There are 2 protein chains.
Amino acid sequence: MRRATDHVIAGLEARISSGELAHGERLPSERALMAEFGASRSVIREAIAALSNRGLVLCRPRHRPVVRRPGYEAVLEVTGPAVRQLLGTPEGVESLFRTRIFVERALAREAAANARREDIAALRQALEANRAAVEDTPQFYVTDRAFHRVLYEIPRNPVFPAVHEGFFNWLRPHWVKMNQTVAINRVNLAAHEAIYEAILARDPDAAEAAMNRHLEAAWGFVRETFAEAG
Amino acid sequence: MRRATDHVIAGLEARISSGELAHGERLPSERALMAEFGASRSVIREAIAALSNRGLVLCRPRHRPVVRRPGYEAVLEVTGPAVRQLLGTPEGVESLFRTRIFVERALAREAAANARREDIAALRQALEANRAAVEDTPQFYVTDRAFHRVLYEIPRNPVFPAVHEGFFNWLRPHWVKMNQTVAINRVNLAAHEAIYEAILARDPDAAEAAMNRHLEAAWGFVRETFAEAG
DNA sequence: CACAAGTTTTGGTCAGATCAAAGGATTTCC
DNA sequence: GGAAATCCTTTGATCTGACCAAAACTTGTG
């Protein structure tokens, strides 16, 4: 039992993945599509909504939907609303943060074992940006994020940068609520330095341990904020 | 700029998370909802579709939507269609498989370091099921999956079992296409034994290495199948 | 050539109607 | 009495046609 909507979805999906509808191009108007597929606007509209939820088109209210090349970022973006549901509860936040810790410990190990020369250069550059921004809390957040980003790029697997985006976007609300101070920035800077040193020394165990200390401490800060906020 | 649909979505979300609409209960009929929210069926329908995409309700064609408690499985399920888009390309499959390898290497290490007595018992039980099913290929697939599942449960973080579901469901089509033979089953069984031994010996490095060999070999089998299929 | 005003297109929403499947309620039959 | 077949109401899926306000496009003007 197929719904008419499914037919339209399949048709549009085909036209997108065949490249007939190119990335960045606007979708035909709803009325044009109803002529093309011989369906009413209801089903066209429903199909477009479905494509939007699959990350194939980007919909803004009152604007023509825009075709997007499916990518890992799109997947994470689509996942956003569902994840936010889970972040309503403290346990949800903790689960997600601990997942992040798990991933980044492994990333630190991976970096120590396999980082190339250019990776290490990128890491050092990010570290210097940290140092330069240590007095400027908002800017430090940006460079902090960039430092971790480098680690997600080292495996050269496009899934990881997308996961990085996901973690940071989902957890940001809980992060900015935190009391960010220059003192904490210094702690984090020192932690980054330790991680960098361990990676430079090609010592996976030390890198993992340093990352673990860093993120467990960060989690402690976040949890404190929770406790205060009640 | 708010759309009427957003209002209905918010209203239903509230009624769900407040428990007024309990898990497993059926949503009111579309006609009832349009009376309640003073909106036309179009917006009600669009709102329900949106909730479905957020994993808050489960929709089957021609059936009344059913309320679901938001959970990590729901998130992964919602992500499914988008991920499947990416799996259309061989690079997509490889990225996802390598992500799995990355995660399970870390899980093996984690297990060796922190598995409790009951975890190890579960692992041994799963391993024995592997042994018993080694001649029965379809059954071996089931027990194979169960063995890996145990590893995802060891960190006691609800995100991981959901990720396990995701990996297996997404990759299953590429797995079943593979030439599964008793010979391959034996290879995998031996690999599982090696992983188990390393975890039992509390040797993270050996556990990670064993897992790595296991999954790289598996990836080799999958890739061969690709090459044959063209 | 840029910018403002006017016109057409188009997404968001509504109202009302049809149809076939789902879900009960009812009756039939062992 | 309980399982199975049958009837009837509800309800999801789809269609038609319409209206409005915001976008997108066109045109006139400085």
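Worth saying up front: this structure is predicted, and the values here are computed from it rather than measured. To find a chain, count down the sequence lines: A is the first, B the second, and so on, and within it residues start at 1.
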When the distance from [atom1] of [X] to [atom2] of [N] is rounded to whole Å, what number comes out?
| X | N | atom1 | atom2 | value |
| --- | --- | --- | --- | --- |
| A:L27 | C:dG12 | CG | P | 12 Å |
| B:M34 | C:dG16 | CE | P | 9 Å |
| A:R60 | C:dG11 | CZ | P | 13 Å |
| A:I48 | C:dT13 | CD1 | C1' | 15 Å |
| A:I44 | D:dT16 | CD1 | P | 12 Å |
| A:R45 | C:dT10 | CZ | P | 14 Å |
| A:I9 | D:dA13 | CD1 | C1' | 13 Å |
| A:E30 | C:dG12 | CD | C1' | 8 Å |

Can a donor-acceptor pair under 3.5 Å be found between the side-chain atoms of [X] and the base atoms of [N]?
| X | N | answer |
| --- | --- | --- |
| A:R31 | C:dG11 | yes |
| A:R41 | C:dG12 | yes |
| B:R64 | D:dG12 | no |
| A:R62 | C:dG11 | yes |
| A:R26 | D:dA23 | no |

>> Whether A:E46 and A:R3 form a salt bridge (side-chain N of Lys/Arg under 4.0 Å from carboxylate O of Asp/Glu) is what I want to check.
In response: no
> Quick one: do A:D144 and A:R149 make a salt bridge, cutoff under 4.0 Å?
Replying inline: no
> Pick the nucleotide of DNA chain D nearest each of A:A39 and B:P65; which residue has the one closer to the 5' end?
Replying inline: B:P65
>> Taking the six-membered ring for Trp, are A:F97 and A:F167 closer than 6.0 Å centroid to centroid?
In response: no
> How are the rings of B:F168 and B:H148 set relative to one another: parallel (under 30°), tilted (30 to 60°) or perpendicular (over 60°)?
Replying inline: tilted
>> Below 30° counts as parallel, above 60° as perpendicular, anything between as tilted: where do the rings of A:H192 and A:F147 land?
In response: parallel
> Would you say C:dG12 has OP1 or OP2 under 4.0 Å from some side-chain N or O of B:S42?
Replying inline: no
> So which nucleotide from C:dG11, D:dA23, D:dT14 ends up closest to the side chain of A:H63?
Replying inline: D:dA23
>> If you only use heavy atoms from C-beta on, which nucleotide in D:dC15, C:dT13, C:dT10 is closest to the side chain of B:T5?
In response: C:dT13
